[in-house]
Amino acid sequence: QVQLVESGGGLVQPGGSLRLSCATSGFIFDFYAVGWFRQAPGREREGVACISGTSGGDGSAWYAGPVRGRFTITKDNTNDTVILQMNSLKPEDTAVYYCAATERGVVTLTLGEYDYWGQGTQVTVSS
């Protein structure tokens, strides 16, 4: 059974940092690409960052424009976990953050290409 479990969300002041974790199980972690998405109230879910599989892929990462230079996505192949380090947070980063996995293995931020989703973790950036 495939599972993705997010953790690390919370309340942080503007300019602060948070580290989100996505613990995965039930699939061959090395082959899958994993992405982070977010959904703010009243808005559609959008892609934030993704990282390709390391078996057959090159482990490359891709970021959406609004977070490029502030967020970093990494894969821990030992623990089958994907980390999203978020720095210089802004109020507009407030959303529920989801991790997802795709069999395609290559970087993509297209929601429909993802096969498995976690339940999400709330991130609130406010003073």
Side-chain angles (χ1 to χ4, degrees):
Q1 181 181 1
V2 175
Q3 285 191 313
L4 296 96
V5 180
E6 304 92 337
S7 62
L11 173 64
V12 64
Q13 293 187 342
S17 298
L18 279 177
R19 183 175 182 266
L20 304 184
S21 294
C22 175
T24 74
S25 62
F27 61 92
I28 303 174
F29 185 73
D30 288 355
F31 289 119
Y32 280 62
V34 177
W36 283 96
F37 297 79
R38 66 186 181 186
Q39 188 166 18
R43 301 189 64 177
E44 293 186 351
R45 193 170 298 188
E46 62 179 5
V48 174
C50 60
I51 188 165
S52 71
T54 50
S55 180
D58 58 2
S60 59
W62 183 256
Y63 301 91
V67 307
R68 193 169 296 141
R70 299 188 296 124
F71 291 11
T72 303
I73 186 171
T74 55
K75 258 190 163 187
D76 178 352
N77 288 319
T78 301
N79 296 307
D80 291 356
T81 299
V82 176
I83 303 297
L84 185 68
Q85 178 66 42
M86 306 187 296
N87 298 329
S88 302
L89 283 162
K90 305 175 182 180
E92 51 263 43
D93 294 318
T94 296
V96 177
Y97 283 70
Y98 301 87
C99 67
T102 173
E103 294 179 345
R104 295 174 182 269
V106 297
V107 291
T108 175
L109 288 179
T110 303
L111 273 70
E113 294 183 348
Y114 280 80
D115 305 293
Y116 306 106
W117 291 83
Q119 294 301 307
T121 185
Q122 176 70 47
V123 171
T124 302
V125 185
S126 175
S127 55

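Position 1 is the first residue of the sequence, and the numbers go up from there.
- Atom CG of D76 and atom SG of C22 lie 12.0 Å apart (nearest 0.5 Å).
- In this structure a side-chain-to-backbone donor-acceptor pair under 3.5 Å is present from Y114 to T108.
- Inter-residue side-chain proximity for E103 and Y32 is flagged as met; some heavy-atom pair is nearer than 4.5 Å.
- Residues passing the side-chain hydrogen bond (donor to acceptor under 3.5 Å, both in side chains) test with Q122, sequence neighbours excluded: T124.
- Residue R19 holds its CZ atom at 7.0 Å from OG1 of T74, rounded to the nearest 0.5 Å.
- Residue-environment remark: CD (E92) exceeds the threshold of 12 foreign heavy atoms within 6.0 Å.
- For R68, the CZ atom counts as densely surrounded, since its 6.0 Å shell holds more than 12 non-hydrogen atoms of other residues, nucleotides or ligands.
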Quiz prompt | Intermediate values then yes/no, side-chain contact (heavy atoms from CB on, under 4.5 Å), D93 and M86 | solution = CA-CA 10 Å; D93 294 318; M86 306 187 296; over 6 Å; no
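- The minimum heavy-atom distance linking F27 with A101 is given by the pair CZ-CB, 3.9 Å.
- Hydrophobic clustering, with ILVMFWY side chains joined whenever heavy atoms are under 4.5 angstrom apart, groups F31 together with F29.
- Under a hydrophobic clustering in which Ile, Leu, Val, Met, Phe, Trp and Tyr are joined whenever their side-chain heavy atoms come within less than 4.5 Å, directly or via other members, V82 and V5 fall into different clusters.
- Between the OG1 atom in T102 and the CG atom in L109 there is a gap of 11.5 Å [rounded to 0.5 Å].
- Residues P14 and S127 come closest through the heavy atom pair CD-N, 3.7 Å.
- Applying the ring pair (Phe, Tyr, Trp, His ring centres under 6.0 Å) test to Y97 and every residue at least two apart in sequence or in another chain returns nothing.
- The distance from the CG atom of L89 to the OG atom of S126 is 12.0 Å, given to the nearest 0.5 Å.
- Between L84 and R38 the shortest side-chain heavy-atom distance does not fall below 4.5 Å.
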Quiz item: What do the steps show when you test F37 against W117 for ring pair (Phe, Tyr, Trp, His ring centres under 6.0 Å), and what is the final call?
Solution: CA-CA 10 Å; F37 297 79; W117 291 83; 4.9 Å; yes
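- Placement of W36 and V107 in two distinct hydrophobic clusters is found when ILVMFWY residues are connected by side-chain heavy-atom separations under 4.5 Å, directly or transitively.
- Without hydrogens or angle criteria, E6 side chain to T121 main chain gives no donor-acceptor distance under 3.5 Å.
- The distance from the CG atom of D80 to the NZ atom of K75 is 8.5 Å, given to the nearest 0.5 Å.
- Counted within 6.0 Å of CG on L11, heavy atoms from surrounding residues, nucleotides or ligands total more than 12; the atom is thus considered enclosed.
- Looking only at side-chain heavy atoms (C-beta outward), Y63 and R70 stay at 4.5 Å or farther from each other.
- Summarising the geometry of N87 relative to S17, their closest heavy-atom pair is OD1-OG, 2.9 Å, with the distance given to 0.1 Å.
- Remark: L20 CG to T81 OG1 distance equals 12.5 Å, nearest 0.5 Å.
- The shortest non-hydrogen separation linking S52 to G105 is CB-O, 3.2 Å.
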